[in-house]
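Below: one structure, written as structure tokens.
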Number of protein chains: 2
Amino acid sequence: MFLAMATTDTNARFCCQPLMENVLTEDAAAELATLLKALADPVRLRIMSIIAAAPNSEICTCDLPDLLDRSQPTVSHHLSQLTKAGLVEREQRGKWAWFRIAPERLEAVANALHA
Amino acid sequence: MFLAMATTDTNARFCCQPLMENVLTEDAAAELATLLKALADPVRLRIMSIIAAAPNSEICTCDLPDLLDRSQPTVSHHLSQLTKAGLVEREQRGKWAWFRIAPERLEAVANALHA
DNA sequence: ACATCACATTGATGTTTGTCGATACGATAC
DNA sequence: GTATCGTATCGACAAACATCAATGTGATGT
């Protein structure tokens, strides 16, 4: 939905007539870029993938440093990025933190990419 | 297709039983991350959007600096990134460079995001 | 209370990225 | 050829990012 998210905010002149209606606003572009950026890292993609493949579609943080071959602070940082972007949701259970994918949010990104 | 792109490359131990089958390989994750990174910038998203909305779904580079409010070198750099990622295709016509979206490539990214 | 465990935060470091001025390249027009 | 125009490349710089060791925090169990 490069189209669907669209509202115009530019009134520029052109020499080859591109129309500026139905084009991503600077704001809309920034918002979508933020989401894509949150996904655009191999470690974070693998986290999403691991969650999607896990029983009950949820994981405990404790497994990730081993699975991802990254330090605990690094994993924590990536989970925080994904959470902040709204792509995963965090739930505390005793001392463990569990994460699930926020499907609507992920779907929104995927849909935004269909022209 | 966090699932569809999957083949395993990790045999880690776990305390909360996540399965490591059907999980993105490090290589697959890196590849997908590269594509997402190419899209994860407001200027590049607007470029894609402008192309998608343009007549004949193509644009001449010459219009972009004005439309995007960025210098010519900056625009050139972003177009180069998108081209390198295979998300757009370049065609020289006289002195002008024209760009079109590579739909399969963009679709592949979108599909990879459906769980 | 105390020790322990799971996780977050801080601080530091090397790398990558977006940006632009200056310049080089390549095609067109004269 | 020479001038001009559209675009790419180079060099520099500041901002953002991934990473980890060290430390802080908050809950559990004894």
Side-chain angles (χ1 to χ4, degrees), chain A residues 13-18 26 29-30 32-48 50-51 58-85 87-100, chain B residues 13-18 26 29-30 32-48 50-51 58-85 87-100:
Chain A
R13 291 161 307 130
F14 359 77
C15 73
C16 306
Q17 311 96 332
E26 287 195 23
L32 182 50
T34 301
L35 280 173
L36 286 168
K37 220 175 229 178
L39 287 171
D41 176 275
V43 173
R44 290 196 290 274
L45 283 175
R46 295 196 83 215
I47 291 177
M48 295 294 281
I50 290 173
I51 300 180
E58 59 180 10
I59 49 153
C60 168
T61 307
C62 60
D63 295 315
L64 293 178
D66 263 22
L67 294 175
L68 299 169
D69 196 31
R70 291 293 186 289
S71 72
Q72 178 268 319
T74 297
V75 169
S76 178
H77 170 250
H78 285 301
L79 284 169
S80 158
Q81 301 246 118
L82 289 172
T83 306
K84 194 167 156 194
L87 290 164
V88 302
E89 277 156 11
R90 197 194 123 108
E91 185 192 344
Q92 188 84 27
R93 297 189 200 154
K95 359 190 226 185
W96 294 279
W98 290 77
F99 288 87
R100 311 180 63 82
Chain B
R13 290 162 307 132
F14 358 78
C15 75
C16 306
Q17 308 97 331
E26 288 194 23
L32 182 51
T34 300
L35 280 174
L36 286 167
K37 222 176 228 177
L39 286 170
D41 176 274
V43 173
R44 290 195 289 275
L45 283 175
R46 295 196 83 214
I47 291 177
M48 296 293 281
I50 290 173
I51 300 181
E58 60 180 9
I59 50 153
C60 169
T61 307
C62 60
D63 295 315
L64 292 178
D66 262 22
L67 293 175
L68 298 168
D69 196 31
R70 292 292 187 288
S71 72
Q72 178 269 319
T74 297
V75 169
S76 178
H77 171 249
H78 285 300
L79 285 169
S80 157
Q81 301 247 118
L82 288 172
T83 306
K84 193 168 157 195
L87 290 164
V88 303
E89 277 155 13
R90 197 193 123 109
E91 186 193 344
Q92 188 84 26
R93 295 188 201 157
K95 356 191 226 185
W96 294 277
W98 289 77
F99 288 87
R100 311 179 63 82

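A, B, ... follow the sequence lines: proteins, then strands. Residue 1 opens every chain.
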Would a distance-only check, ignoring hydrogens and angles, find a side-chain to backbone donor-acceptor pair under 3.5 Å from [X] to [Y]?
| X | Y | answer |
| --- | --- | --- |
| A:S80 | A:S76 | no |
| B:R44 | B:K37 | yes |
| B:Q92 | B:G94 | yes |

As a test of reading the structure: which of C:dC7, D:dG6, D:dA18 is closest to the side chain of B:K95, going by heavy atoms?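 Shortest atom-to-atom distance from the side chain points to D:dG6.
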Taking only the side-chain nitrogens and oxygens of [X], find out if one of them lies under 4.0 Å from OP1 or OP2 of [N].
| X | N | value |
| --- | --- | --- |
| A:T61 | C:dC7 | yes |
| A:R70 | D:dA18 | no |
| B:R44 | C:dG18 | yes |

Once you apply a heavy-atom cut-off of 4.0 Å, does [X] come out as touching a base, just sugar-phosphate, or nothing?
| X | answer |
| --- | --- |
| A:S76 | base |
| A:H77 | base |
| A:T74 | base |
| A:R90 | sugar-phosphate |

May I have the distance from [X] (atom [atom1]) to [N] (atom [atom2]), rounded to whole angstrom?
| X | N | atom1 | atom2 | answer |
| --- | --- | --- | --- | --- |
| B:K84 | D:dA8 | NZ | C1' | 14 Å |
| A:D69 | D:dC20 | CG | C1' | 13 Å |
| A:I47 | C:dC7 | CD1 | P | 13 Å |
| A:R93 | C:dC7 | CZ | P | 12 Å |
| A:L79 | D:dT19 | CG | C1' | 15 Å |
| B:L39 | C:dG18 | CG | P | 12 Å |
| A:L36 | C:dT17 | CG | P | 15 Å |
| A:K37 | C:dT16 | NZ | P | 16 Å |

Could you check B:F99 against A:Q81 and say which one's nearest nucleotide on DNA chain D is further toward the 5' end?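 That would be B:F99.
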Let me spell it out: for each of A:P73 and B:A97, pick the nucleotide of DNA chain D with the closest heavy atom. Which residue's pick is nearer the 5' end?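 In this pair, the answer is B:A97.
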Could you tell me whether the side chain of B:Q72 has a donor or acceptor atom within less than 3.5 Å of a complementary atom in the base of D:dA8?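 By the distance-only test, yes, there is a pair.
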B:M48, B:Q81, B:R100 screened by side-chain contact (heavy atoms from CB on, under 4.5 Å) with B:V88, the one that passes: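 The passing option is B:M48.
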For A:L68 and A:I50, run side chain to side chain contact (heavy atoms under 4.5 Å, CB included): C-alpha distance rounded to whole Å, both residues' side-chain angles, the deciding distance at 0.1 Å, then the answer. CA-CA 10 Å; A:L68 299 169; A:I50 290 173; 4.0 Å; yes
